[in-house]
Amino acid sequence: MSNLHDVIRQRRSIRRFSSKAVPKALILAVLEAAGWAPSAHNAQPWRFIILQDANVKRELAQKMADAWAADLAKDGVAAEESKRIERIERFENAPGLVLSCLTMDGLRKYPDEKRQSYERDLAVESLGASLENLLLMAHAVGLGACWYCAPTFCKEIVRSVLKIPEWIEPSALIVMGYPAESPPVPPKKSLRDYCYLDIYGKAFG
């Protein structure tokens, strides 16, 4: 209990890494832990792609950064070139880079759109559980990691670069490596702020 408690409390989102290479076996161990997460109907609707090829990582990072800049332009905001380059380098230079994806394979199929949308919600929740396992395991084995949702905003670009089939939906990128920073504890809400129990006498606002 105490070890798990420590892992949960000590884990941080790490964005800066040393140049030390991450053994593929360690990445696979982290992904195996992700696969032990609970899931709706035990469908295990997660799929993970380990990105290793430098050219593929560069192309993906550049096209995602271009998509980000294009979105800002639609909002009437000019993207700062320095931030665009930072986004490219964030993924291109990550010692370990994994794309998490969602699939409806194994989930129940309903004739009406409403219930089917709920089934997708279950798949998204299940993927979130697997990502939490992944992040905690990464910390437990001495790695740092950070979960980026950028692919959610440019799914078709990610699918095109990586030649992902239509039944697999790109979701998030996880960068991993040996930490080169020790971020402070971010502000956390107290239990009273997010847990609504009679003993606290607090109702939803």
Side-chain angles (χ1 to χ4, degrees), residues 4 7-8 11-15 17 20-65 67-68 87-108 119-179:
L4 176 59
V7 169
I8 291 172
R11 188 210 63 80
R12 299 286 181 273
S13 292
I14 301 298
R15 297 172 175 83
F17 306 99
K20 182 179 178 181
V22 179
K24 186 178 179 181
L26 206 53
I27 295 178
L28 292 175
V30 169
L31 293 178
E32 183 178 19
W36 279 92
S39 62
H41 318 311
N42 194 33
Q44 302 166 57
W46 44 75
R47 299 292 184 270
F48 295 99
I49 301 172
I50 302 172
L51 302 175
Q52 294 181 298
D53 187 278
N55 292 327
V56 171
K57 289 167 66 175
R58 185 178 305 110
E59 181 184 2
L60 179 63
Q62 289 177 342
K63 289 189 174 180
M64 288 177 59
W68 168 73
R87 283 172 171 263
I88 293 173
E89 293 178 343
R90 176 187 301 163
F91 301 123
E92 181 182 358
N93 299 330
L97 186 62
V98 173
L99 176 71
S100 72
C101 301
L102 181 74
T103 175
M104 294 298 291
D105 186 34
L107 274 294
R108 292 175 183 167
E119 199 71 6
R120 186 180 184 282
D121 289 344
L122 299 182
V124 172
E125 292 170 9
S126 300
L127 176 59
S130 75
L131 288 174
E132 177 69 358
N133 272 21
L134 184 158
L135 294 172
L136 292 175
M137 185 63 173
H139 177 73
V141 299
L143 297 176
C146 189
W147 167 1
Y148 290 98
C149 296
T152 298
F153 293 87
C154 52
K155 295 177 183 180
E156 292 310 314
I157 288 175
V158 176
R159 180 176 278 119
S160 174
V161 172
L162 300 180
K163 298 177 175 57
I164 299 173
E166 285 297 320
W167 56 278
I168 299 290
E169 181 181 333
S171 176
L173 277 168
I174 301 93
V175 295
M176 283 187 279
Y178 292 98

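What you see is a predicted model; the values in this text were computed from it and never measured.
- Residues Trp46 and Ala37 share a closest heavy-atom pair of CH2-O, 3.2 Å.
- Listed by first and then second residue, the salt bridge (charged side-chain N to carboxylate O under 4.0 Å, His left out) pairs involving residues 134-153 amount to none (not counting sequence neighbours).
- Sorted by first and then second residue, the salt bridge (charged side-chain N to carboxylate O under 4.0 Å, His left out) pairs involving residues 143-154 (not counting sequence neighbours) form an empty list.
- For the salt bridge (charged side-chain N to carboxylate O under 4.0 Å, His left out) condition, no pair includes a residue of residues 22-40, sequence neighbours left out.
- Arg87 has its side chain within reach of Arg90: a pair of non-hydrogen atoms, C-beta onward, lies under 4.5 Å apart.
- Taking OG from Ser126 and CG from Leu102, the interatomic distance works out to 8.5 Å, rounded to the nearest 0.5 Å.
- The shortest side-chain heavy-atom distance between Leu122 and Glu125 falls under the 4.5 Å cut-off.
- Ion pairing between a basic and an acidic side chain is recognised when a charged N comes within 4.0 Å of a carboxylate O; Lys57 and Glu92 show no such pairing.
- You'll find the side chain of Leu99 stays beyond 4.5 Å of the side chain of Ile50, heavy atoms only.
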message: Could you go through Tyr178 and Ile14, starting from their C-alpha distance and side-chain angles, then the distance that decides it, and tell me whether this counts as side chain to side chain contact (heavy atoms under 4.5 Å, CB included)?
response: CA-CA 9 Å; Tyr178 292 98; Ile14 301 298; over 6 Å; no
Expected list for residues 130-150: side-chain donor-acceptor pairs under 3.5 angstrom, two or more places apart:
from   : atom 1 : to     : atom 2 : distance (Å)
Ser130 : OG     : Leu127 : O      : 2.7
Asn133 : ND2    : Ala33  : O      : 2.9

- prompt: After noting the C-alpha distance and the side-chain angles of Ile27 and Val98, does the key distance pass the side chain to side chain contact (heavy atoms under 4.5 Å, CB included) rule?
  reply: CA-CA 9 Å; Ile27 295 178; Val98 173; 4.1 Å; yes
- prompt: side chain to side chain contact (heavy atoms under 4.5 Å, CB included) between Arg159 and Glu156: does it pass, once the steps are laid out?
  reply: CA-CA 5 Å; Arg159 180 176 278 119; Glu156 292 310 314; 2.7 Å; yes
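- In this structure a side-chain-to-backbone donor-acceptor pair under 3.5 Å is missing from Thr103 to Pro45.
- Screening Leu60, Val158, Ile157 for a side-chain contact (heavy atoms from CB on, under 4.5 Å) involving Pro151 leaves a single residue, Val158.
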field: side chain to side chain contact (heavy atoms under 4.5 Å, CB included) evaluation trace for Phe17 with Val175
entry: CA-CA 9 Å; Phe17 306 99; Val175 295; 3.8 Å; yes
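- With Ser39 contributing its side chain and Gln44 its backbone, the two residues share a donor-acceptor pair below 3.5 Å.
- Annotation: salt bridge (charged side-chain N to carboxylate O under 4.0 Å, His left out) contacts involving residues 37-48, sequence neighbours excluded, comprise Arg47-Asp105.
- Side-chain contact check for Ile174 versus Leu97: every heavy-atom pair is 4.5 Å or farther apart.
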Contacts table for residues 164-172: side-chain donor-acceptor under 3.5 angstrom, sequence neighbours left out:
from   : atom 1 : to     : atom 2 : distance (Å)
Glu169 : OE1    : Arg120 : NH2    : 3.1
Glu169 : OE2    : Arg120 : NH2    : 2.4
Glu169 : OE2    : Lys155 : NZ     : 2.4

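- For the residue pair Val22 and Gly177, the shortest heavy atom distance occurs at CG2-CA, 3.6 Å.
- The main-chain N or O of Arg108 is found under 3.5 Å from a side-chain atom of Glu119 such that the two form a donor-acceptor pair.
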